[in-house]
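Written out below as structure tokens is the structure these notes cover.
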Amino acid sequence: MDLEDEKKKGEASGETSDRENRLSRMNSESSLSLTEDDEEDEERKPELGPMIALKEQLEKDKDDESLRRWKEQLIGVVDFEDVGETPDPVVKILHLTVRSPDREEMVLTIPDDGVPNPKGPWFTIKEGSKYTLVFNFRVTNNIVSGLRYNNTVWKTGVKVDSTKAMLGTFSPQAELYQHVMPEETTPSGIFARGSYSARTKFVDDDNKCYLEINYTFDIRKNWQ
């Protein structure tokens, strides 16, 4: 029996109607929208086994020289002082630097409370200027996999820009990591100038958020 015959048989017995109604309800329920950002970030991920502390992984087969070298090639040379007993990685975003050929670097320290400057803009950028964002961060305790940067910008409540960038996978180490974003150019003109609000997040492959920071900045005719 082909699908057309089966469909006709189902219609005769009323099964097709019931099946379509159930399917319609399922589609309706699944279409209940998440927030826009959550919907964009939602991805199907494979089921993974439990995480194991990096220290435990490194101590396994530590007497096997070839296996030890293979692990070093895979994850790099790990500083044991930055490795903990728990499996969760710790990522600390320390600085955001704004580089531009038109002025000295602006080094902005990331506050622990995630509120850079509640009384005014965190920084000001000159319209039509080229700039590059640089992130400095430290990884301890375990490997962080698929660390990525998400940034959304609004002006007068309207979303005007959204950026997503994969930073990579990083092993624990004492030295800071640095990631340089591609160069960009600020918009210019009377409609571009003004105050903007933004939200920046750093998350990993498991959607664990290491930093979510909300702030404002200005685009003006001049840097000051």
Side-chain angles (χ1 to χ4, degrees), residues 32-43 88-140 144-168 170 176-224:
L32 293 176
S33 61
L34 303 168
T35 63
E36 183 176 356
D37 290 337
D38 290 338
E39 188 176 54
E40 291 176 355
D41 290 337
E42 190 68 21
E43 297 177 357
D88 295 324
V90 177
V91 179
K92 180 73 173 178
I93 314 298
L94 299 172
H95 301 100
L96 163 63
T97 301
V98 182
R99 292 178 179 171
S100 175
D102 299 333
R103 59 155 297 150
E104 295 181 354
E105 291 186 353
M106 288 188 291
V107 180
L108 308 169
T109 301
I110 306 295
D112 293 333
D113 60 5
V115 182
N117 189 353
K119 297 181 181 180
W122 197 18
F123 55 88
T124 297
I125 300 182
K126 180 183 176 182
E127 65 174 343
S129 61
K130 294 182 178 181
Y131 70 96
T132 302
L133 298 180
V134 182
F135 304 111
N136 291 283
F137 58 95
R138 190 180 184 206
V139 177
T140 58
V144 58
S145 177
L147 183 66
R148 62 185 186 272
Y149 158 80
N150 299 336
N151 187 65
T152 307
V153 180
W154 295 268
K155 189 174 192 289
T156 61
V158 178
K159 186 167 75 170
V160 294
D161 185 66
S162 181
T163 302
K164 294 185 179 184
M166 175 60 69
L167 306 190
F170 304 91
L176 296 182
Y177 286 103
Q178 185 178 88
H179 182 84
V180 181
M181 296 289 290
E183 184 179 73
E184 298 188 47
T185 302
T186 56
S188 59
I190 187 172
F191 295 108
R193 294 192 292 269
S195 181
Y196 294 76
S197 60
R199 180 173 68 236
T200 296
K201 295 175 67 175
F202 290 85
V203 297
D204 64 12
D205 275 347
D206 296 321
N207 281 327
K208 179 179 179 181
C209 183
Y210 297 98
L211 175 69
E212 180 172 349
I213 188 169
N214 297 279
Y215 59 94
T216 61
F217 67 93
D218 287 348
I219 293 180
R220 300 179 182 175
K221 285 187 176 182
N222 300 298
W223 285 100
Q224 299 294 336

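If you're wondering where the values come from, they're calculated on a predicted model, not measured in any experiment.
Formation of a donor-acceptor pair under 3.5 Å by the Ser188 side chain with backbone atoms of Glu127 is not found in this model. A distance-only check finds a donor-acceptor pair linking the side chain of Ser100 to the backbone of Lys130 [under 3.5 Å]. Side chain of Thr186 to backbone of Lys126: a donor-acceptor contact under 3.5 angstrom is found.
Rounding to the nearest 0.5 angstrom, the gap separating the NZ atom in Lys164 from the NZ atom in Lys201 is 9.5 Å. With rounding to the nearest 0.5 angstrom, the NE2 atom of His179 is 13.5 Å from the CZ atom of Arg148. The OG1 atom of Thr140 sits 10.5 Å away from atom NZ of Lys92, with the distance rounded to the nearest 0.5 Å. With rounding to the nearest 0.5 angstrom, the CH2 atom of Trp223 is 12.0 Å from the CD atom of Glu104. The line from CG of Leu94 to CD1 of Ile110 is 8.5 Å long, rounded to the nearest 0.5 Å. Atom CD1 in Ile219 sits 10.5 Å away from atom CZ in Arg193 (nearest 0.5 Å).
In terms of the salt bridge (Lys or Arg N to Asp or Glu O under 4.0 Å) criterion, residue partners of Asp218 (sequence neighbours excluded) are, by chain and number, Arg220. Remark: Gln178 engages Asn136 in a side-chain hydrogen bond (donor to acceptor under 3.5 Å, both in side chains) (not counting sequence neighbours). Under the ring pair (Phe, Tyr, Trp, His ring centres under 6.0 Å) criterion, Tyr149 pairs with Phe135, Phe202, not counting sequence neighbours.
Using bins of under 30°, 30° to 60° and over 60° for the plane-to-plane angle, the ring pair Tyr177/Phe137 lands in the parallel bin.
Across all their heavy atoms, Lys155 and Ala192 have their closest contact at CE-O, 3.9 Å. Across all non-hydrogen atoms, the minimal contact from Thr124 to Asn222 is CG2-O, 4.0 Å. The two residues Ile213 and Pro116 come nearest to each other via the heavy atoms CD1-CG, 3.5 Å. The heavy-atom pair separating Arg99 from Val180 by the smallest distance is NH1-CG2, 4.4 Å. Taking both residues in full, the closest heavy atoms of Ala165 and Met181 are given as CB-CE, 3.7 Å, listed atom of the first, atom of the second, then distance. The shortest heavy-atom contact between Ala198 and Asn151 is CB-OD1, 4.3 Å.
Residues Asp161 and Thr152 form no side-chain contact, since every pair of their non-hydrogen atoms from C-beta on lies 4.5 Å or further apart. The side-chain heavy atoms of Pro89 and Tyr210, taken from C-beta on, include a pair separated by under 4.5 Å.
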Trp122 vs Leu96, side chain to side chain contact (heavy atoms under 4.5 Å, CB included): CA-CA, chis, key distance, verdict: CA-CA 11 Å; Trp122 197 18; Leu96 163 63; 3.9 Å; yes

For Ser145 and Asp204, what are the C-alpha separation, side-chain angles and deciding distance, and is it a side chain to side chain donor-acceptor pair (under 3.5 Å)? CA-CA 6 Å; Ser145 177; Asp204 64 12; over 6 Å; no

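Counted within 6.0 Å of NZ on Lys208, heavy atoms from surrounding residues, nucleotides or ligands total more than 12; the atom is thus considered enclosed.
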